[in-house]
Structure formats: C-alpha cells, structure tokens
Undergrad: 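This is the structure I want to talk about, given as structure tokens.
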There are 2 protein chains.
Amino acid sequence: MKISTKGRYALRVMTDLAMNNDGNYISLKDIAKRQGISIKYLEQIVALLNKAGYLQTARGNNGGYKLNKKPEEYIVGDILRATEGDLAPIVCLSEKGGCKERNLCKSYSFWEGLDKAVNDYIDSKTLADLIQ
Amino acid sequence: MKISTKGRYALRVMTDLAMNNDGNYISLKDIAKRQGISIKYLEQIVALLNKAGYLQTARGNNGGYKLNKKPEEYIVGDILRATEGDLAPIVCLSEKGGCKERNLCKSYSFWEGLDKAVNDYIDSKTLADLIQ
DNA sequence: TGCAATTCCTACCATTTTAGTAGTATAATG
DNA sequence: CATTATACTACTAAAATGGTAGGAATTGCA
C-alpha cells in the first residue's frame, strides 16, 4: 500500500514547474538540481507526464518543459494515475468486466469502497492546492 | 498502491472463521479447502493474526482456530495493519519523528490527507460489515 | 557550419518485495 | 504411540522498484 517514487517524484516535478514558471521552458537539469533527483530518472517520469499531455516541451538549446494549463486545472489524481498506473487497491477491481467471483466474495464491496475513498480524495485536490 | 495477498487473505480467513463458527476450532485444512489457498501459506498469515491477539488457537487433534471476539468487534483496519504492516502511502509518514523536510515539502500535507482518508475508511468497517 | 544543450527512446541491472514451498519441531488426542 | 494439527524457520522463483547508461534526434547560437 505504497505510492512509488514515480508518483511522488511526478508530483514534485509538477509543483516545481508550477512554482518556477516564468514563461520560459524549464530544463530537467534545473529541476533535478532543485529536487535532488537524477536527470536520467526524471526523464522517465516526465515522459509519462508528457505522454498524458500535461506538458509543453521544447528540445534543443534552452529547451525544457512547462505546464500546459493553470495549476488549479491539474487534478492530483490524474497526475498520480498517469505515473503510478491504476491506483485500485486490489487486482479484482482492475479486471475488465470485474472479478468473476465478486458476487461470492465477501470482501469485494469493501475493496470497492476503499478504492472510492482513495480516488475521491486524490481527485479533490489540484496542483494549486499543493503549492500554496 | 496495492494491498498484498497477506492482507487480502487475512480478511478472507477472518470472514471464513466468522461465518463457519460453530463453537469448535476450525483447522487451516478446512479454511484452505474453502478458500483455495495453500495451508502452508495460510500458516504464515494466521501467525500474524495470532500474534496480534485476534484468535484462540488449539494445537493437536481437533485443534485449529476460532475468533476471540464477536465479528462486530473486529475493526478491518486493525486486521489489515496487523498483516500488511503500516498502510501509510509514503515513507515520509512512517518515519518516527516525521519527515525532516516536511516543512519544505509541498506534498507532505497532501500525503497526510491521503493517509487519513484511507485509515478513516478501513477503520469504519468491522468484520460484521463484511459477512452480512 | 558545427558545437553545446537539451529532450527522446530503449536497454540494462542491482536490490527488494511478493508469494509462495518445504522441512521439522512441538503439542494434544484417542 | 500414531495421527492430526499448530509453530517456527529457512529457502526460493518471479516480479516490481528504483534507478543507471548510452546514444539518437533536435534546436539555438557563436
């Protein structure tokens, strides 16, 4: 029941981009320095955020990343799901069509409820909530 | 962000014990058969539950396990914490004395909130809620 | 033109965690 | 004293985690 570094670092990258936004692109080198995370590992995390369409990017000299939208328009849950993958607490909830034994399983609706509690919370926060 | 088999099976063992309780001890052999889990693996899970004081046990012939208390007196959160270990979503929250950078970290209170959301939910359910 | 800075993409790897299996000792019962 | 059961400990294969590494593609600037 742990969030991995991917999700945690992703939030740090996004808050870093939000807080240091001056209109220019921000390089991973700068973010890595501020956050104390290796550039090479950040590349992989940013790739996920980028694939999800959360960033504007520019390659080459003076290139880097910046946010696409205003901080209050980023749902934290979206960021976490994009980097952590599915946050469902157990496999049964992720299976397409649902677990076949859901009607027999006494725990199923409990896990459903936990899943909902988690998602309700992370979807109630935006990037703006974090940086203030 | 997954619950492991330890926690999931633990809940199944507890519900099995609750539902099949006729006053006699219930052997792992029976539980294993009903639940489709190997006896040997169940031994390890039950050991955790036992260490937490949730069970009455009897060795030898006709031995086995039974619940200590009424189903409604078992908090699901307690069962999960006993078998999964700490459910805090990130390491910072588990560190004794708290994360040293908590005042600098923009995400800290977000993770605290997630931890609370999870624990509030799992502590609001009892074994009785599951078996009905 | 060419070099430096940067993202992009993919492969690799050590360590830890997960999900068990296995063996043996200990205890109780009939 | 054989059978049935828990108790304890060691081992292990496979997967996930948390990175490192190398090189290709792109862009800005001197």
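Residue numbering restarts at 1 for every chain, and letters A, B, ... go by the order of the sequence lines. Side chains are part of it too, since the values below use all heavy atoms of this structure and drop only hydrogens, waters and symmetry mates.
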Undergrad: Using a 4.0 Å cut-off on heavy atoms, which residues in residues 10-19 of chain A reach DNA chain C? List them by number, or say none.
TA: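 Here the set is empty: none.
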
Undergrad: Among D:dA7, C:dG20, D:dA5, which is the nearest nucleotide to the side chain of B:T57?
TA: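 The nucleotide sitting nearest to the side chain is D:dA7.
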
Undergrad: Using a 4.0 Å cut-off on protein heavy atoms (strictly under), produce a 5'-to-3' string for nucleotides 20-30 of chain D with B for base contact, S for backbone-only sugar-phosphate contact, and - for none.
TA: BBBB-BBBBS-

Undergrad: With side chain to side chain contact (heavy atoms under 4.5 Å, CB included) as the test, would you mind laying out the steps for A:Y121 and B:K116 before giving the verdict?
TA: CA-CA 10 Å; A:Y121 176 76; B:K116 182 169 175 351; over 6 Å; no

Undergrad: How close or far is atom C1' of C:dT17 from atom NZ of B:K6, stated in whole angstroms?
TA: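 Taking atom C1' of C:dT17 as the reference, NZ of B:K6 is at 9 Å.
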
Undergrad: Holding to salt bridge (charged side-chain N to carboxylate O under 4.0 Å, His left out), I want the full list of residues that pass it with A:D86, two or more places apart in sequence or in another chain.
TA: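 Result, salt bridge (charged side-chain N to carboxylate O under 4.0 Å, His left out) vs A:D86: none returned.
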
Undergrad: Tell me which nucleotide among C:dC8, C:dT6, C:dA19 gets nearest to the side chain of A:Y65.
TA: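 Closest nucleotide among those given: C:dC8.
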
Undergrad: Do you know which two heavy atoms are closest between A:K29 and A:I39, and how far apart they sit?
TA: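 Looks like CA-CD1, 3.7 Å.
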
Undergrad: What residues, two or more places apart in sequence or in another chain, satisfy salt bridge (charged side-chain N to carboxylate O under 4.0 Å, His left out) together with A:E112?
TA: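 Expected list: A:R102.
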
Undergrad: Please tabulate, for side-chain N and O atoms in residues 52-59 of chain B, each donor-acceptor pair with protein atoms closer than 3.5 Å (sequence neighbours left out).
TA:
none

Undergrad: Could you go step by step and tell me if B:N119 and B:D123 meet the side-chain hydrogen bond (donor to acceptor under 3.5 Å, both in side chains) rule?
TA: CA-CA 6 Å; B:N119 282 292; B:D123 287 339; over 6 Å; no

Undergrad: Who are the salt bridge (charged side-chain N to carboxylate O under 4.0 Å, His left out) partners of B:D129, not counting sequence neighbours?
TA: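 Testing B:D129 for salt bridge (charged side-chain N to carboxylate O under 4.0 Å, His left out), a comparison that skips the adjacent residues, returns none.
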
